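Notes follow once the structure below has been shown.
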Number of protein chains: 2
Amino acid sequence: MPGDGRHTLTVRRVGIDTYRENVVFLHRDCHVYRSAGFQALNKVEVTPADGGEAVLAVLNVVDDPAITRPDELGLSLQAFEQLALAEGAAARIAHARPPRSIGAVHRKIAGETLGYPDYLGIVREIGEHRYTKIEMAAFLVACTQGGMERDEVLHLTRAMAETGDRIDWKEPLVADKHCIGGIPGNRTSMLVVPIVAAHGMFIPKTSSRAITSPAGTADTMEVLANVELSARRFNEVVRAQRGCLAWGGTSRLAPVDDILIAVERPLSLDSPGQMVASILAKKVAAGATHLLVDIPMGPTAKVRTQNDALRLRKLFEFVGDRLGLHVEVIITDGLQPIGRGIGPVLEARDVMQVLKNDPDQPRDLREKALQLASRILEFDPDVRGGQGYVLARDILDSGRALERLRAIMAMQGRNPSPPEPGRLCKALPAPRDGKVAAIDNLQLARIARLAGAPLDRGAGVDLCRKVGDAVREGEPLYRIHAAFEADFAFACEAAEAASGFLLAGGD
Amino acid sequence: MPGDGRHTLTVRRVGIDTYRENVVFLHRDCHVYRSAGFQALNKVEVTPADGGEAVLAVLNVVDDPAITRPDELGLSLQAFEQLALAEGAAARIAHARPPRSIGAVHRKIAGETLGYPDYLGIVREIGEHRYTKIEMAAFLVACTQGGMERDEVLHLTRAMAETGDRIDWKEPLVADKHCIGGIPGNRTSMLVVPIVAAHGMFIPKTSSRAITSPAGTADTMEVLANVELSARRFNEVVRAQRGCLAWGGTSRLAPVDDILIAVERPLSLDSPGQMVASILAKKVAAGATHLLVDIPMGPTAKVRTQNDALRLRKLFEFVGDRLGLHVEVIITDGLQPIGRGIGPVLEARDVMQVLKNDPDQPRDLREKALQLASRILEFDPDVRGGQGYVLARDILDSGRALERLRAIMAMQGRNPSPPEPGRLCKALPAPRDGKVAAIDNLQLARIARLAGAPLDRGAGVDLCRKVGDAVREGEPLYRIHAAFEADFAFACEAAEAASGFLLAGGD
């Protein structure tokens, strides 16, 4: 019934941010809602009345005409942006067909092994927003529980890499690094990129913002410089400096990974298969040829045993090899946070101390960055095996890495007024004399987040003692920084309930 | 920091129906949102400023002060109702702690068998709205994929039955019936209840509304009478008539089942364990002592093979026995829809034809109702084995069942203006001469829903031919009824694409 006025509604932007999920709003008395047997939380398909690409969204029902009138179709910010119509334009709404690939998800739930066409179908339809969050959760749990054959991990990685854009840098060697995460502080990329780029290697790394951690590299770099670059500016920086420290969020590289992560993280599903697919798909799409993967191992890290670390390493190698990506995996010490600061401002301070050879610099952060940089430098055929470390150290000690970071900052746009550590500050005292036997990565990250990191750049935790250090009763184990009373109270409460520090002995 | 003004926000009702999920809205510039490191889609805990029970909800971020101002806390209809504060009251918001039982879900994902305390913890926290939809999906998929030991099904059933209210009727025998669903039409409860109640047996059955089907018993009964009874009125009807045909949606019997169903259905997860737990938990909480379960079997039914039907029967028996509920399972013919009408008005017509012994009545609906009623009547120790059928037929043929339904209708509140079949009507003609070899339950249900059932009571499908019937080219296979052009078009399109009828031979 094309042209039938009954079918069209007037588009309205509803100022609700539904975060990676399209939502449309229909008034309960809307004739289309009344008639078409729609149900709340159903998926619907919205099409511009004059043709154009359809947008899929979840339906919410509204009783308040101030939000959406009966003749209107309300769209959440995400849905409105995606539909790309002006307010007042006409649009049609219809039942969305269920994703064709949902049958493959049910086969996976039933314990079957899926093939490449299955994974491609699933990934494509997730990219088209045909999957609800519930359906994505079902897919992810099915892959976690039944496990994935390593060939399936390869299929999923390939499907994700191929769904979205792909960069060809036209460079013989495109280096990249990635840490699987889980260790607070640990801001090595901001050291490794300038060292490697100063050597002349090409490392067009993009970084992420924190999702569940107290800081991502993009959040920390933003303390010093703009990280939201246009594609054009990103290219200019990379071409001029051989490296970059920009946020990767605006790119269309393996976009399905971002959609899945929004479901994976709240579920704390970190299965090896999904982790490998997620990381390698992004790197392949970004045009990397050589990748160093950092797997921190420790009792409160993501990977807790040598066996798990080795299994994960082999899976990275298997998939990388088949996708033409040279992957090296390094298993590092994940016993405790790396560096002193946890939270963007405090971590940026640590990074600058290392670059400036400050006598007070956190030695563990320096050492780890050198260790990683040396492995990447050795990707260079002109660097002799075993010479990477000396080379990296020379670049760092000579100030060339600092100089390179400053050049990158200048091109990205230096932050004219870098934020300070949060003004509210409380030291957490040692309850008795002792030696630090262990630090719980998870608890320290939690306290820093409660204090307001990463949203409040200056919030977080500043460690005064690390594992092995002696401390006397009443001396601070760490300081909590916050900007707002409410967060400060949340964080202090949490720290008092469980400091995250284990003291041993009394010497 | 109790009493700190920073913590409180002004409660506002936001007219958005988020369907079984609590949602709260904070303005992006709200100081609490800014400061406390909340993220969209996080779970938060809302507490009345002067104490009282907390409500858990998902956070959405708002840019439009017309929806929620920076000093306000917007609550969706569900959340507002649950918090039970007036608009303008003060409330606090905090990070919700993750459900304590999520560890058990992760163990289930890892393939472990869970014990009763695990299931009880999960069910309780789902009941407290501590689980997100994503977390519930993870739990359900883990139970489906890894499967549940029959002891686990028992644990889950017991946990669901114990979380919520429980009725003690103080009657020696409380009968109930339940069909696992999947067959369009099939409105047997509206016949079985009056037959059994007319015999004097106690059958306080409540019914459900359709979720994914074209009609539930409650939707169909509503064509004739009010089904939304207060607890008090429900009791009065049951005590006076020995039976009832009311909607069970307002009761607090195994409420977690309703929450889980809202996730299960869109995922089409119908694992035997979840089905048995869902049905039996409700019946145990409702105080039933004797239950007849109807499992229709057929190529387009929920249960497709004799083996699956038997396995399901044994699971019902195992769990029922251990919960002190006498369960009998009957495996019925699920080859095609039962009766002619699909959709509330058309199904109500079928039911009344059978009760009135209309010569045009659908014989299959009559026979199936008698078969079920006879088995329930034989729960009565005073009824000789094998005499149930004759007894049921006598009650039906004598008009006593009709009389009882009318008495029930009168007490529930007769509908003064019963709706008519949808005025838009199209017959779907047979494409050639032949004999009906098969009817696809799923496709017919889909067409009826597209036509507007169950929301539009008069919408649906009216079958003119059943399996085994001969038909000549051009004669109608069925008629589609709808009230609105848009639905009518959707349904006709779907029927033309696939009629759901398979014709064989040419005689």
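What you see is a predicted model; the values in this text were computed from it and never measured. In what follows, every chain begins at residue 1, and chains take the letters A, B, ... in the order their sequences are listed.
For the set B:Met136, B:Arg13, B:His106, the count of heavy-atom pairs under 4.5 angstrom toward chain A peaks at B:His106. With chain B as the partner, the residue from A:Thr144, A:Leu140, A:Val141 showing the most heavy-atom pairs under 4.5 Å is A:Val141.
The environment of A:Arg100 atom CZ is sparse: at most 12 non-hydrogen atoms of other residues, nucleotides or ligands sit within 6.0 angstrom. Applying the 6.0 Å contact sphere to CD of A:Glu87 captures more than 12 heavy atoms from other residues, nucleotides or ligands. Around the CZ atom of A:Arg12, the shell of radius 6.0 Å holds more than 12 heavy atoms that belong to other residues, nucleotides or ligands. More than 12 heavy atoms of other residues, nucleotides or ligands shown are found within 6.0 angstrom of CZ on A:Arg130.
A side chain to side chain contact (heavy atoms under 4.5 Å, CB included) with B:Ile16 holds for exactly one of A:Val14, A:Asp63, A:Ile16; it is A:Ile16.
For A:Ala483, no part lies under 4.5 angstrom from a heavy atom of chain B. In this structure, chain B has heavy atoms under 4.5 Å from both the backbone and the side chain of A:Ala142. The part of A:Ile67 that comes within reach of chain B is its side chain, from C-beta onward, which places non-hydrogen atoms under 4.5 angstrom from that chain. In this structure, chain B has no heavy atom under 4.5 Å from any part of A:Ile102.
Distance check: B:Glu264 CD to A:Ile134 CD1 gives 11.0 Å after rounding to the nearest 0.5 Å. Within the model, atoms CG of A:Leu26 and CG of B:Asp17 stand 12.0 Å from one another, a figure rounded to the nearest 0.5 Å. We find the CG-CG distance between B:Asn60 and A:Asn60 to be 8.5 Å, quoted to the nearest 0.5 Å.
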